[in-house]
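This report refers to the structure that appears directly beneath it.
Sequence positions, counted from 1, serve as the residue numbers for this chain.
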Amino acid sequence: MSLELEKLSLEEVLDNELTESSSDFVNRLIYGRKLERLDVPKLDESKCEVAGWKLGGSRPEQLRPPRIVRVGLIQNSIVLPTDAPVSEQRTAIHNKIVGYIEHAAKCGVNIVCMQEAWTMPFAFCTREKYPWCEFAEDALTGPTTELLSTIARKHNMVIISPILERDEVNGEVIWNTAVVIGTDGRILGKHRKNHIPRVGDFNESTYYMEGNTGHPVFDTPYGKIAVNICYGRHHPLNWLMFGVNGAEIVFNPSATVGKLSEPLWPIEARNAAIANSYYTCAINRVGIEKFPNEFTSGDGQPAHKEFGQFYGSSYIAAPDGARTRGLNRHMDGLLVAELDLNLCRQAKDLWGFRMTQRLDMYAKKLTDASQADFEPQIVKK
């Protein structure tokens, strides 16, 4: 029974266990309010879940029309075994995801975002440099960006493409980067992952450095967007700075496994949406990826060739605290949500966080705390 439950999402368990009379009450407590389903076309339901939600929550205004935008999140497994040739692995993933983006266009999606390092297996657990470094490519002229630029232009769509970047201009340094492609197919810019984990099998500092792009917000025809890559979601100040810079939607492309982070997953992006009065979009990959050679975690456990199940469960949260149901834990998925960006200002007006957060006070103490001789402010008897 437990193995069967492991294949289910929380939503599927609730659907199976709740009665008709208790369903609305429980779902309101978990998700904030009852959401309306979007009528979106389906794909092969045995291979890719497609779910659509109208996140709603905004009130009609007299001076501003609604600012409606549809976003799409794609979670997926890799296609070929990790010992297949690099070019074949990448091409197979390209082909699958292009199909999902084309379907997102049929669903009316304006902005689509893939998971972290979507063009490759998440090989950073192995600490091996090759062949994994061969997946790195130029953010502006690499094959992935060239492919997606054509699709963005074709569908008048903004595409966020998190890749392993090889900075060919500056010494071939490798970064974990999200490339933001505009509706005309041109590159709006990129964001490099600010926070690099050193937890368990996440040996990412072996491959790339902490990012040097700060907290950019990209002004698109569909709103002001930003990208907080994976581990950055554990850092509240990282979320804060995107809000300070004016973001209305922050995407969180991730790759994380069950035993490490699943209890945190439904909380962090949702908390960030509430605290910063913007929408958050949390994307996680799915599946178990097995590698040719064993590696160890430094925890005394036996060496292994995999480091757990990527549990999907991608979702979107609104600035008033409501959130969509998550995608499943075990299969590819496309989550489509219709947002009204007017809700960002309305949440700010209601809660007043920006007016009451005392940035001046925190800025001074953070400046002090960044110094090597910092002494905490502890009052003693």
Side-chain angles (χ1 to χ4, degrees), residues 3 6-7 9 46-49 73-97 99-100 113-137 144 161-165 174 176-178 193 196-208 229-231 252-262 265 282-299 301-314 326-334:
L3 290 177
E6 280 294 316
K7 296 180 180 179
S9 65
S46 66
K47 295 180 180 179
C48 181
E49 176 188 7
L73 314 183
I74 296 174
Q75 67 177 41
N76 64 277
S77 60
I78 58 175
V79 180
L80 298 181
T82 58
D83 58 358
V86 168
S87 62
E88 293 181 13
Q89 290 190 59
R90 186 171 64 192
T91 297
I93 294 174
H94 276 178
N95 290 341
K96 179 165 75 166
I97 301 308
Y100 293 164
C113 183
M114 277 73 76
Q115 64 202 24
E116 182 184 20
W118 72 273
T119 62
M120 61 181 292
F122 206 75
F124 313 124
C125 53
T126 67
R127 294 191 295 274
E128 300 168 342
K129 290 300 182 75
Y130 283 90
W132 317 121
C133 285
E134 294 187 60
F135 282 96
E137 56 183 283
T144 298
S161 174
I163 62 169
L164 189 63
E165 176 195 2
I174 294 178
N176 187 321
T177 300
K193 186 173 181 176
I196 310 301
R198 296 161 178 84
V199 181
D201 287 333
F202 288 87
N203 300 303
E204 298 174 43
S205 58
T206 304
Y207 298 89
Y208 40 78
I229 303 175
C230 197
Y231 191 72
N252 179 224
S254 299
T256 186
V257 292
K259 290 184 179 179
L260 176 67
S261 65
E262 195 162 8
W265 180 255
I283 312 114
N284 186 26
R285 66 173 60 198
V286 291
I288 296 175
E289 301 174 359
K290 297 183 179 181
F291 296 93
N293 302 316
E294 291 184 336
F295 52 90
T296 59
S297 302
D299 59 2
Q301 298 300 312
H304 42 279
K305 293 187 176 183
E306 59 189 53
F307 71 134
Q309 177 191 354
F310 297 105
Y311 53 82
S313 306
S314 303
L327 291 176
N328 67 81
R329 300 178 72 254
H330 59 90
M331 185 175 65
D332 290 9
L334 168 64

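- Between the side chain of Q309 and the backbone N or O of G258, no donor-acceptor pair lies under 3.5 Å.
- S297 and D201 share a side-chain donor-acceptor pair at under 3.5 Å.
- Using modelled atom types, one finds a donor on one side chain and an acceptor on the other under 3.5 Å when comparing E204 with Y208.
- Among R285, M331, Q115, the one residue that satisfies the side chain to side chain contact (heavy atoms under 4.5 Å, CB included) test with Q75 is Q115.
- At a threshold of 4.5 Å between non-hydrogen side-chain atoms, the residues M120 and V86 do not count as touching.
- Between H304 and F295, some side-chain heavy-atom pair lies under the 4.5 Å cut-off.
- Using modelled atom types and a 3.5 Å distance limit, the side chains of W132 and T126 yield a donor-acceptor pair.
- Looking only at side-chain heavy atoms (C-beta outward), W118 and I74 stay at 4.5 Å or farther from each other.
- Judged by distance alone, the side chain of K305 and the main-chain N or O of P292 form a donor-acceptor pair under 3.5 Å.
- Side-chain N or O atoms of E289 include none that pairs as donor or acceptor with a backbone N or O of I78 at under 3.5 Å.
- Residues that satisfy the side-chain hydrogen bond (donor to acceptor under 3.5 Å, both in side chains) test with D332, not counting sequence neighbours, are S77, K96, Y100.
- Between the side chains of S261 and T256, at least one donor-acceptor pair of N or O atoms lies under 3.5 Å.
- L164 contributes atom CG, which lies 7.0 Å from atom SG of C133 (distance to the nearest 0.5 angstrom).
- The heavy-atom pair separating Y207 from A123 by the smallest distance is OH-O, 3.5 Å.
- Although no hydrogens or angles enter the test, the distance criterion places a donor-acceptor pair under 3.5 Å between the side chain of N203 and the main chain of C125.
- Between the side chain of Y311 and the backbone N or O of G287, no donor-acceptor pair lies under 3.5 Å.
- Of the possible donor and acceptor atoms, none in the side chain of T296 sits under 3.5 Å from a partner among the backbone N and O of A303.
- T119 approaches T144 most closely through the heavy-atom pair CG2-OG1, 3.5 Å.
- Remark: side-chain polar atoms of T177 are not paired, donor with acceptor, to backbone N or O of I163 under 3.5 angstrom.
- In this structure, C113 and I283 approach most closely via the heavy-atom pair SG-CD1, 3.7 Å.
- Of all heavy-atom pairs between V286 and N328, the closest is CG1-O, 4.4 Å.
- Listed for the Q89 side chain is a donor-acceptor partner under 3.5 Å among the backbone atoms of A84.
- P162 is not listed as a side-chain neighbour of I229, based on a closest heavy-atom distance of 4.5 Å or more.
- Between F202 and V257, some side-chain heavy-atom pair lies under the 4.5 Å cut-off.
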